[in-house]
Protein chains: 2
Amino acid sequence: MTITQLYYVLAIAEHKNFTKAAEKCFVTQPTLSTQVQKLEDELDVQIFDRSKKPIELTDVGRKIVQQAKNIVDESDRIQDIVDQQKGFIGGEFKIGIIPTIMPTLLPMFLKSFIKKYPKVKLKIEELTTEEIIARIADGHLDAAIAATPLEHDNIKERVLYYEPFVGYIPNDHRLKDKKKIDVSDLDINDMLLLEDGHCFRDGVINLCKAFKTHEDDQFQLESGSIETLVKLSNEGLGMTLLPYLNTLDLNEKMSSQLHHFNEPSPAREVSIIYHKNELKMQIIDALHDVISGIIRGAIAFQNVEIISPRAK
Amino acid sequence: MTITQLYYVLAIAEHKNFTKAAEKCFVTQPTLSTQVQKLEDELDVQIFDRSKKPIELTDVGRKIVQQAKNIVDESDRIQDIVDQQKGFIGGEFKIGIIPTIMPTLLPMFLKSFIKKYPKVKLKIEELTTEEIIARIADGHLDAAIAATPLEHDNIKERVLYYEPFVGYIPNDHRLKDKKKIDVSDLDINDMLLLEDGHCFRDGVINLCKAFKTHEDDQFQLESGSIETLVKLSNEGLGMTLLPYLNTLDLNEKMSSQLHHFNEPSPAREVSIIYHKNELKMQIIDALHDVISGIIRGAIAFQNVEIISPRAK
DNA sequence: AAACTATGATAAATTTAAATTATTGTAATG
DNA sequence: CATTACAATAATTTAAATTTATCATAGTTT
């Protein structure tokens with residue numbers, strides 16, 4: 001049994017297809033066929049059920065794949081140990097960021113990160129929390145930045161900062177004259193929300209403690225970007241909530257529509273999250289240090305109340 | 001990096017000698033030299049410091065060895081998964097048993113175990129608790145039977161039975177007329193003990209809540225076997241304590257010298273113990289089932305008080 | 001200090017294993 | 001029924017592991 005064989009098994013299990021898995025492994029399809037057969041012979045058990053299309057795992061196969069993941073993870077960690085010893089921070093690092101954090105946070109830290117750690121090749125993807133969780137679990141993502149707490153067994157979290165929500169209230173809105181707003185002022189039915197799948201949407205819904213009914217709505221547009229929310233709000237279609245960092249680069253006219261919350265201000269917790277196996281911890285540490293260092297200059301709120309990003 | 005290379009590294013780390021490690025791996029010494037060099041080249045780090053005699057691990061080397069152990073353990077477990085799936089219970093299994101349990105327990109279960117599981121090749125060794133802990137930790141022993149609790153981080157325990165202590169009191173002893181004895185009757189200074197290193201000795205000392213002084217002793221013989229203790233006791237050199245199973249095959253004259261304790265009788269907890277990595281769990285389960293099944297017929301005490309087997 | 005011994009490194013040759021190209025076999029699909 | 005998709009197999013090439021033989025070096029003995 002070799003680690004390479006286990007890699008092959010994992011690739012096949014993932015793609016349910018020898019040919020595609022072979023491409024991913026940068027070898028030809030017969031290589032996978034023969035190596036997997038060798039492993040199956042050695043263990044004297046079928047890992048894959050080739051009679052099904054697409055190919056399926058057998059019962060033992062599923063357990064073997066699980067264990068193979070452990071072994072491959074543990075063996076990856078040897079390089080990790082060496083890197084740590086050498087103080088080497090580098091290599092490819094795949095990070096996911098949720099859409100409502102990406103445009104504000106990424107420009108703040110990316111430049112100084114790549115300057116400080118030039119050997120790290122960051123691959124950044126915009127993903128929803130759901131997608132992030134799945135990809136961290138299966139190892140396709142090394143880490144992610146998302147709203148927490150997620151309370152997911154296989155994922156660890158390290159808080160980066162707490163980001164308060166700020167009300168964005170158009171001139172014709174019932175709350176326009178309140179200098180500071182309160183959570184109890186909010187009514188989910190005159191607020192603009194992001195489309196489904198955004199945890200920021202879920203956070204706001206949790207905050208309002210009521211579900212949007214859709215019944216007496218004249219329109220049902222739900223945007224995918226916070227920028228659109230602001231523009232819709234300007235058209236008088238309702239108020240909205242913005243994460244604090246989104247309020248920093250508004251023009252003068254727009255910032256005048258901002259209404260902060262009375263303390264404790266509702267806020268989201270933003271963390272760097274990663275698999276519990278703690279692979280590539282040096283890079284995660286590096287990211288954490290850079291980001292929280294930069295944020296410390298931009299956000300200075302103490303008295304906040306964390307709103308859960310999870311639906312329901 | 002291959003699993004084989006990691007095996008080689010582990011063998012060298014253990015024997016601190018390429019030649020001996022090569023023998024253990026059933027390959028020639030140049031094989032180890034070249035394979036280890038290849039691994040060191042790939043990781044670009046020295047694992048061994050060959051300038052020292054005997055050879056030493058470098059700092060990273062130590063960490064790599066630790067991780068290599070994990071990987072090798074995890075990869076062994078794949079065969080385990082397959083065995084479990086097939087309901088196959090077999091292969092070599094190394095078990096240690098402490099001296100005070102070996103002669104009574106082994107004859108009780110060995111025959112029926114090898115009959116029920118003919119494919120398991122048991123290798124049984126008599127070892128002290130100390131030796132057992134070390135060998136389970138380094139993987140040289142698959143499991144052991146010992147007095148518990150040990151409260152050792154890397155070792156798991158599964159209780160087999162509780163074995164009461166029974167007083168063996170010669171005719172001239174101050175307690176000879178007490179039908180049932182009590183823990184408070186015991187005086188460590190008129191009792192015969194096993195030699196140092198036996199946990200049964202430590203258990204008895206704990207029971208007496210006093211240390212033997214050696215000061216006013218006329219003799220300082222400490223035996224390595226319970227049989228000798230009984231014979232010395234017969235010579236009037238003091239009383240002793242026997243584990244219950246040792247009292248079952250005494251002749252009539254000897255059994256008349258037995259004095260049971262008032263309930264709750266002091267007892268030792270006897271468990272099958274194994275590494276927390278839970279390798280070869282099917283065999284451990286099988287052993288547990290056979291032994292506790294047999295013991296259930298021989299020991300039927302409920303009201304006992306467990307005495308710790310650990311010194312001090 | 002010279003000779004000896006133990007032990008690991010290196011070289012060359014051999015054996016074994018992995019990977020590739022080309023081809024065949026076999027289900028599912030239209 | 002022909003086509004397509006996809007895995008297995010065969011033959012060959014390439015690469016890697018292992019062995020035998022030899023050398024280098026450090027410590028030990030005489």
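Remember, it's a predicted structure, so these values are computed and weren't measured experimentally. Naming convention: chains lettered A, B, ... in sequence-line order (proteins, then strands); numbering from 1 in each chain.
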Query raised in the report: How close or far is atom P of C/dA9 from atom CD of B/Q35, stated in whole angstroms?
Result: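 One finds 13 Å between P of C/dA9 and CD of B/Q35, rounded.
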
Query - Between P of D/dT19 and CD of B/E23, the distance in whole Å - result: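 Nearest whole value for this atom pair: 13 Å.
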
Query raised in the report: Tell me, for nucleotides 4-12 of chain D in 5' to 3' order, what letter each nucleotide earns: B for a base near a protein heavy atom under 4.0 Å, S for only sugar-phosphate near one, - for neither?
Result: --SBBB---

Query raised in the report: Pairs in or reaching into residues 10-26 of chain B: which pass salt bridge (Lys or Arg N to Asp or Glu O under 4.0 Å), with residues at least two apart or in two chains?
Result: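 Passing the test, one end in residues 10-26 of chain B: no pairs.
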
Query raised in the report: Do any pairs count as a salt bridge (Lys or Arg N to Asp or Glu O under 4.0 Å) and have a residue in residues 280-289 of chain A, sequence neighbours left out, and if so which ones?
Result: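 Salt bridge (Lys or Arg N to Asp or Glu O under 4.0 Å) check on residues 280-289 of chain A returns A/D142-A/K280, A/R158-A/D285.
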
Query raised in the report: Is B/T31 near enough to D/dT18 that one of its side-chain N or O atoms lies under 4.0 angstrom from OP1 or OP2?
Result: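 No, B/T31 has no side-chain N/O under 4.0 Å of OP1/OP2 on D/dT18.
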
Query raised in the report: With sequence neighbours excluded, what pairs up with B/E92 under the side chain to side chain contact (heavy atoms under 4.5 Å, CB included) test?
Result: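 Counting only residues at least two positions away or on another chain, B/E92 forms a side chain to side chain contact (heavy atoms under 4.5 Å, CB included) with B/K94, B/K123.
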
Would you say that [X] contacts [Y] through its side chain, given a criterion of any heavy-atom pair below 4.5 Å between the two side chains?
| X | Y | value |
| --- | --- | --- |
| A/E125 | A/I95 | no |
| A/Y117 | A/I283 | no |
| B/V45 | B/T58 | no |

Requested in this report: Mind jotting down which residue pairs meet the side chain to side chain donor-acceptor pair (under 3.5 Å) criterion with at least one end in residues 60-73 of chain B? Sequence neighbours excluded, please.
Outcome: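 Residue pairs passing side chain to side chain donor-acceptor pair (under 3.5 Å), neighbours aside: A/E74-B/Q67, B/D59-B/R62, B/Q67-B/N70, B/D73-B/N277.
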
**Report entry** Strand contacts (DNA chain D) in residues 39-49 of chain A, 4.0 angstrom heavy-atom criterion
**Finding:**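 Those residues: none at all.
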
Query raised in the report: To the nearest 0.5 Å, how far apart are CD in A/E157 and CG in A/L150?
Result: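 The CG atom of A/L150 is 4.5 Å from CD of A/E157, to the nearest 0.5 Å.
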
